[in-house]
Student: 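Below are the structure tokens for one structure; questions will follow.
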Amino acid sequence: MFFASLAAGGGGYVINGSGTFDGTSGYLSRTPSGASNRTTWTFHVIAKRFNSSGDHQLFEAGSSSGTRNFIQYNSAGQVTIASRGPTTQLNSTALFRDPSAWQDLLFVWDTSDGTAADRVKVYSNGVRLTDLATDTQASSSLNSIVNTAIIHTIGRASWTAANFGNYALARVALIDGLALTPSSFGETTDDGYWQINDISGLTFGTNGFLLSGGSAISAGTDSSGNSNNFSKSGSIISTLDSPTNGDAE
């Protein structure tokens, strides 16, 4: 399923550009002041991957290789959500290698769910990915590192200077305390396209955030109402390119 553009009748919501991460230095970081919901959260990102080699972290929380959660494009071209200590990992069978394609990716962590197969879920452009190359689900009520008072990063590993992202991000959000579905972020149009919608009215929770548009992502500015701003390091460039306005310069 592909994105609906404004020109194709995709609706009136516009994301104003994206932030481009250079793959070598650019990342955002934030350490929450306290812990919040560790069993239930939703991470949403609209991304365009430029470099299909190597691992490119989209989001990570943790202080060591053995104590962390991470979401990434991996070196095989898959999307991954994982934890270490103990191990949980979902890798898509689908590959994400097209440098011109925007993807709306949704990752749901809900270890309070009584159905073991539904505790960690991944969606792409509104469709759940059930054909998985790796499917090691989380144990019941497993606490995440996300939403603890430990460094959280976008664009790089949190615990070491590695896995820098080389991509454009148009929107990034964390919803603390809720396991949401794609309908909170977009909808399928009558002609079968995935249309992204305004999410500013969502309840983001204590450690939740919303970075939307090029200038907000390049500066790490949260617009959720929580003022959970990130600190910028290295090169992140604001551009006009977004899934709602095409490849503008």
Side-chain angles (χ1 to χ4, degrees), residues 1-4 13 15 18-21 27-28 41-52 54-61 69-83 88-110 118-135 144 146 152-156 163-176 178-188 193-199 202 204 208-213 217 241-244:
M1 187 182 298
F2 300 97
F3 271 108
Y13 177 66
I15 293 179
S18 59
T20 298
F21 292 68
Y27 71 102
L28 301 171
W41 47 265
T42 302
F43 180 77
H44 158 74
V45 62
I46 299 173
K48 181 194 289 189
R49 183 181 188 179
F50 297 140
N51 186 340
S52 61
D55 295 333
H56 297 256
Q57 245 64 346
L58 288 161
F59 184 53
E60 182 161 311
N69 290 113
F70 61 92
I71 293 170
Q72 68 175 200
Y73 289 116
N74 70 20
S75 58
Q78 303 159 331
V79 291
T80 296
I81 177 172
S83 71
T88 297
Q89 186 152 334
L90 273 64
N91 289 358
S92 68
T93 298
L95 303 181
F96 298 82
R97 292 173 170 169
D98 185 349
S100 66
W102 286 101
Q103 294 289 329
D104 182 335
L105 299 171
L106 191 67
F107 302 84
V108 180
W109 177 281
D110 185 16
D118 290 340
R119 291 177 187 144
V120 183
K121 298 186 281 288
V122 182
Y123 300 84
S124 172
N125 291 353
V127 177
R128 184 175 176 182
L129 302 182
T130 55
D131 183 5
L132 300 170
T134 304
D135 188 1
S144 66
V146 169
H152 292 50
T153 54
I154 297 167
R156 197 199 81 167
N163 298 352
F164 284 91
N166 187 203
Y167 43 57
L169 304 183
R171 188 165 72 188
V172 190
L174 177 69
I175 293 83
D176 174 2
L178 295 173
L180 300 181
T181 64
S183 62
S184 294
F185 301 88
E187 61 189 283
T188 303
Y193 286 87
W194 179 247
Q195 173 184 299
I196 55 177
N197 291 340
D198 184 7
I199 64 170
L202 293 178
F204 290 88
F209 57 81
L210 171 61
L211 313 180
S212 185
I217 289 173
D241 184 20
S242 90
T244 60

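Values in this document were obtained by computation on a predicted structure and should not be read as measured data.
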Student: Holding to side-chain hydrogen bond (donor to acceptor under 3.5 Å, both in side chains), I want the full list of residues that pass it with D176, two or more places apart in sequence or in another chain.
Tutor: S36, N147
Student: For A179, give me all partners under side chain to side chain contact (heavy atoms under 4.5 Å, CB included), at least two apart in sequence or on another chain.
Tutor: T40, V108, D110
Student: I want to check something: taking the side chain as every heavy atom from C-beta on, are Q103 and N125 in contact at a cut-off of under 4.5 Å?
Tutor: yes
Student: Find out whether L58 and V172 are in side-chain contact, i.e. whether some heavy atom of one side chain is under 4.5 Å from a heavy atom of the other.
Tutor: no
Student: Sort out for me which residue in V45, L210, L211 forms a side chain to side chain contact (heavy atoms under 4.5 Å, CB included) with R171.
Tutor: L210
Student: Locate the shortest heavy-atom distance separating L129 from S92; write the atom from each residue and the value.
Tutor: CD1-CB, 3.8 Å
Student: If you take all heavy atoms of A173 and I199, which pair is closest and at what distance?
Tutor: CB-CD1, 4.0 Å
Student: Pairs in or reaching into residues 90-101: which pass salt bridge (charged side-chain N to carboxylate O under 4.0 Å, His left out), with residues at least two apart or in two chains?
Tutor: none
Student: Heavy atoms, side chains only, cut-off 4.5 Å: are F70 and D55 in contact?
Tutor: no
Student: Partners of D118 by side-chain hydrogen bond (donor to acceptor under 3.5 Å, both in side chains), sequence neighbours excluded?
Tutor: R128
Student: Just how far is it from atom NE2 of H152 to atom CD of E60, taken to the nearest 0.5 Å?
Tutor: 10.5 Å
Student: Sequence neighbours excluded, which residues qualify as side chain to side chain contact (heavy atoms under 4.5 Å, CB included) partners of T181?
Tutor: S183
Student: Flag the pair T153 / Q57 as yes when at least one side-chain heavy-atom distance between them is below 4.5 Å, and no otherwise.
Tutor: no
Student: Are any of the side-chain heavy atoms of L202 and S184 separated by less than 4.5 Å?
Tutor: yes
Student: Quick one: are K48 and D241 in side-chain contact, heavy atoms under 4.5 Å?
Tutor: yes
Student: Please tell me whether N197 and Q195 have a donor and an acceptor in their side chains that are separated by less than 3.5 angstrom.
Tutor: yes
Student: Can you give me the closest heavy-atom contact between V120 and I81, atom names plus distance?
Tutor: CG1-CG2, 3.6 Å
Student: Listed by chain and number, what are the side chain to side chain contact (heavy atoms under 4.5 Å, CB included) partners of R119, not counting sequence neighbours?
Tutor: D113, A116, Q137, S140
Student: Among L105, N163, N166, find the one that has a side chain to side chain contact (heavy atoms under 4.5 Å, CB included) with Y73.
Tutor: L105
Student: With sequence neighbours excluded, tell me which residues meet ring pair (Phe, Tyr, Trp, His ring centres under 6.0 Å) with F43.
Tutor: F59
Student: Using a 4.5 Å cut-off on heavy atoms from C-beta on, say whether the side chain of W194 contacts that of I196.
Tutor: yes
Student: For H44, what residues pass the ring pair (Phe, Tyr, Trp, His ring centres under 6.0 Å) criterion, not counting sequence neighbours?
Tutor: F185
Student: Taking only residues two or more places apart in sequence or in another chain, which ones pass ring pair (Phe, Tyr, Trp, His ring centres under 6.0 Å) with F209?
Tutor: F230
Student: side-chain hydrogen bond (donor to acceptor under 3.5 Å, both in side chains) with W109: which residues, sequence neighbours excluded?
Tutor: none
Student: Looking at residues at least two apart in the chain, or sitting in another chain, which of them share a ring pair (Phe, Tyr, Trp, His ring centres under 6.0 Å) with Y167?
Tutor: F21
Student: Report the residues that fulfil side-chain hydrogen bond (donor to acceptor under 3.5 Å, both in side chains) with Q89, sequence neighbours left out, ordered by chain and then residue number.
Tutor: R84, N91
Student: Specify the closest pair of heavy atoms between W41 and S144, including all atoms of both residues, with the distance to one decimal.
Tutor: NE1-OG, 3.0 Å
